[in-house]
Structure formats: C-alpha cells, structure tokens
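In the text below, chain A, chain B and the rest are named by the order of the sequence lines, each starting its count at 1.
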There are 2 protein chains.
Amino acid sequence: MTAPRYDERMPRSNRQRTSRRAVYATLRRKVLTLEFPPGAALSENELAASLGVSRTPVRESLILLSEEGLVQVFPQVGSFVSRVDPAKVADAQFLREAVELASLEDLPGLPAELDPELVDELRRNLEEQRRPGLGLEDFFELDEAFHQTLLRLSGHGSAWATVVSAKGHLDRARRLGLYDTATSSGFAAQHVEILDAVLAGDIPLARTAMRTHLRAVFDDVERIRARSPELFATDSGTVPVRRNIVVWE
Amino acid sequence: MTAPRYDERMPRSNRQRTSRRAVYATLRRKVLTLEFPPGAALSENELAASLGVSRTPVRESLILLSEEGLVQVFPQVGSFVSRVDPAKVADAQFLREAVELASLEDLPGLPAELDPELVDELRRNLEEQRRPGLGLEDFFELDEAFHQTLLRLSGHGSAWATVVSAKGHLDRARRLGLYDTATSSGFAAQHVEILDAVLAGDIPLARTAMRTHLRAVFDDVERIRARSPELFATDSGTVPVRRNIVVWE
DNA sequence: CGACCGATGCTTGTATACCAGTCGTGCCGA
DNA sequence: TCGGCACGACTGGTATACAAGCATCGGTCG
C-alpha cells in the first residue's frame, strides 16, 4: 500500500533554494529597481546566458512575473518589462488599501491582547526608521517589514503576499521619480501615528491614519507622474519593440 | 535601428490559445471540482501522458497552481493537491471580503452615474438566478459573473483576478459538502438585496448586505467542516503520501 | 529475528533540441 | 526606382534528455 512521509514540519526543506527561485528573485528585483526599465526587452536566451543558467528557470520566472503583471510575454515576439500603467498602479493601490484597512478591523478590541512580541518588533522597526542617515533602500526595507508585521498583528500575515504583488507596481512607479529622504521621514511619522492608534485600541483612528498614509504614497506616485508624464504609458495598448540587432564590425 | 510593432490593440492575439493555458485551466478545474481530491498525488509525467502533452506545460501549470496555493510541490518527492486548510480558507475569505467591500465604497455617489449596461447585465443575471430548475454548476457560474460585474461597476474589475484566487479555496471547501439548491436560492436573494442597495445609492446598506452574504458563504464552509471534519486538514504540516507503485502481473 | 544497506524506480529540477511564428533584410525583376 | 518575395535571424512554445534526491524493497549480516 502506501506509506506516509514527512510527518509534520519540514521547516525549510520545502522552501528549497532552487535555481528558479534565485532567478525569479533577481529578475523581480531588477524590474522593481528599474535596472530593467519599463519597456525593456527580456530575451529568455540572453537572460539565461547572463545568469549562467538554462532557459528553463528563466522562462518559469518570466511566467510568474507576467502573472504578477510586471512582465508581458508576446509569443513568438518577445518578453518585455511592463510599461508603468497608471491604471495598474491605481489597481494596486486599491487592492493594498482594501487589504490593509480591512486587517485593522480585525485587530483585537483590547490593546492588551496584542502579541507583545510583534508589538516590540514594530517599535524597534520605527526606531530604526528614525535613525539619521538612513538610506532610501534601507527605508524601503523597514517600510515593508512594518506593514507586514502590522498584518501579522491582526492575524492576516498570509495576506502579505497579495500586498507584495500590489506593492510591486507602486514601488516601481515611485522609483521613477526622485524620492528624497524628506518624504520618507514624513512616512515614518505616519507609521508612528498608525502604531500609536493601534496600541491605543482606537481602530477607527488607525484606519484613518493608514488610509492617509497609503494615499500619501499614492499621491507621491501621482506627483511623479505629473512631473514626468513621459515615464508612464498613456495607452494601455502596449507597443512591443523588437530590440536592435546590433552587430559590431 | 528598431521598428515598432503591433500598433495598438492586439485583442486576442495576446491571450493566445497555448497548450499551457489549456492544461492550466483543466488542472485548475479538476482541483476545484474535487476530481483531483485534496492530498492526491499529481505526477508531472502521468499528467503529461494523460493530457497528451509534454511535461513542460504541465510543469508550468503546476507552478502557477502552487503559487495559488491549490497545489504543493515538494522537490524530488512529488506534487500534491493541497489539503483543504481551514486557515487558508479563512485567509481567502478575508481577502475576498476586503476587496469586495472596498469596491462598494468606490461606487459613484449617485446611482444615475452607474454604467447602465453593467446594471442591465446584473439585472439579467439575477433573473437567470431565479430561473427554476437551475443546476448547481450554472448557479456557480452566475454567481461568479454577478460578483465580477459588481466589481466592474465600481471600476475595479481588474481586482477580480485576486478574488478568483481567493474564491478558489472557498469554492473547493464548499464542494466538500452537499450543497443544495435551497441554499443557493438563499444566496440569490442576498444578491438581489445587494444590487437593490447599490441601485438605491445606499452604499452602507450595500456593504452590510455584501458582508452578510459573504459571511453566509463562509459559514456554509464552516457548517460543512463541523459535519465532516475529516475532510479538512487539522494540522497545517501536510503529509505527502507517495502514490502506490502498482505493478500488475 | 532484527537492523543495516545498496539496488531500483520513482520524483522534480535543469539543460538542451526542435518547432512554428514573426519580422528585418536584401536580392531580383519590372 | 520601386515593389515583392524569399531567406535568415530571432522570438517564445514545446518536447525530450539528463541529473540529483528520496523512499521502498529485498538482501545480507550480526
């Protein structure tokens, strides 16, 4: 007959370090940091060669990224980094706001019931955010951790994956413009406001603060768009362009 | 130099009918309808053989399904249909509720501003739902269409993909138990309530009705779980089982 | 009789080969 | 000069081959 395997807990044996995961992480990072700018052609063959792997993990990663909306694949034509589509950015904003605001509703009524470990984590995170001379990348990381931990606090940590997908589009849009530390320090203050409200058990206030915060992030994107409209795709009918075939000599 | 291709609109030339999409749709359907029951082993080779394709599209589909949480892949061990995890079902419920309720908030203040075409579509849909002798599968389809159209009505139709992912887990759980037409006719009535509130411009009422409706769906799942707890995974540490190695003769 | 231990056949992961489709290019003829 | 057509370089989609790990079975040895 059959026999059971793996009784309970295979902590990281599941999340194995596979080539595909590495490639996916690399490609996603390069897309989000604009190292691969919107509209850029992503040849499976080229990527495979430059990453030192075969087409298979590259291809599988591109499929995942296309599901995420960060990449568009045109069969027999090419794969391209998605244009920064304001509609998609707005969708991402809507989704993120819906999830994060709803999670606040599910916080325990009494602040005493909050997981003290997570609360500590949030406090330490906010302290880090206040550290002078903090780099932009560092702030991005802390920001991510803050929002994720907040979700865990309400017991909806698993919804983070959805937020991440949405955040991808937002972050990419934000990086299009200059994004100074002054702005980020403002965000840090908003984070404090949110946590204070949560710890005070004032959920409506927390919601308001969170909404204000997320809208500020979105407005940041809109500001960038107003200043540099050419960076955004105006028509959703994208225009793939076959890359130059450059032959030297 | 380069030359532009595909100026504007490639309506369905993009969503090409590829082997992978067909395989993905088939596998997903079989998982959701429990034709592939929770815990079942899904061998890439077997699936490829039975579907008449190679491992490649099968494998890519399994990767997508695993991202969706419907399948779990254990490297060098096997791929399995995910157990119906109550935690995951609850997560799905949370996500769906968050998105659908938030979308109602963004409905235009005046009912007159609603897209009349979509309103008609909703009305026709509800009429269909009231048709006597409606099969369960048909009702499921109408239900899907109703919720999707409602999202489009508030301009957030693109969030439907997220809801679909969540709905997958919910629907699978619901199918575990008997699900009679009496229940579904109750849901149809709730649909009417929601649409009435929307058309009356009473967004708070619409939200309440929607929340009640979605919770009823979730309670349906909980009811099934109470009656047949053995169908659900009690521990999240899943237990893959290698399929019998059956040798005939 | 029980514990070890290698052979074996499965699994998924990765690499490679081949295919059809989509252009750019340049020859070739009117 | 200009139009047309075929070739070739590229694309992603699919099929196949190979690699590495795990579990079971059956033998052997203590």
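Taking only side-chain nitrogens and oxygens, Thr18(B) comes nearer than 4.0 Å to OP1 or OP2 of dT14(D). Between Ser19(B) and dT14(D) there is a side-chain polar atom (N or O) within less than 4.0 angstrom of OP1 or OP2. Within the 4.0 Å cut-off from OP1 or OP2 of dT11(D), at least one side-chain nitrogen or oxygen of Asn45(A) is found. For Ser54(A) and dT14(C), the shortest distance from a side-chain N or O to OP1 or OP2 is not below 4.0 Å.
In this structure, the nucleotide among dT14(C), dG12(D), dT14(D) sitting nearest to the side chain of Pro75(A) is dG12(D). In the set dT12(C), dG12(D), dC22(D), the nucleotide with an atom closest to the side chain of Val73(A) is dG12(D). Closest contact between the side chain of Glu44(B) and the listed nucleotides dA17(C), dT12(C), dA15(C) involves dT12(C).
Protein atom CZ of Arg17(B) is 15 Å distant from nucleotide atom C1' of dG13(D), rounded to whole Å. Counting to the nearest Å, the P atom of dG13(C) and the CZ atom of Arg55(A) are 18 Å from each other. Here dG13(D) presents its C1' atom at 16 Å from CZ of Phe74(A), a figure rounded to the nearest Å. Going from atom CG of Leu62(B) over to atom P of dG13(C) covers 9 Å, rounded to whole Å. Residue Glu60(B) contributes atom CD, which lies 15 Å from atom P of dT12(C) at whole-angstrom precision. Spacing between atom CD of Gln76(A) and atom P of dT11(D) amounts to 12 Å, rounded to whole angstrom units. For the pair Leu64(B) CG and dG13(D) P, the computed distance is 12 Å after rounding to whole Å. Summarising the geometry, the separation between CG on Leu47(A) and C1' on dA15(C) is reported as 16 Å, rounded to the nearest angstrom.
Proximity of His169(B) to Val84(B): side-chain heavy atoms (C-beta onward) are nowhere separated by under 4.5 Å. Looking at Lys88(B) and Arg83(B), their side chains never come closer than 4.5 Å, going by heavy atoms from C-beta outward. Contact of the Val221(B) side chain with the Gln93(B) side chain is not registered, since no non-hydrogen atoms from C-beta on lie closer than 4.5 Å. Using a 4.5 Å cut-off on side-chain heavy atoms (C-beta onward), Glu67(A) and Glu67(B) make no contact.
Salt bridge Glu137(B)/Arg175(B): present, at least one basic N to carboxylate O contact under 4.0 Å.
If you check every strand for non-hydrogen atoms under 4.0 Å, Arg59(B) touches a base. Residue contacts shown for Thr56(A) include a base, since a base heavy atom lies under 4.0 Å away.
Residue side chain Arg21(A) does not reach the base of dG13(C) through any donor-acceptor N/O pair under 3.5 Å, judged by distance alone.
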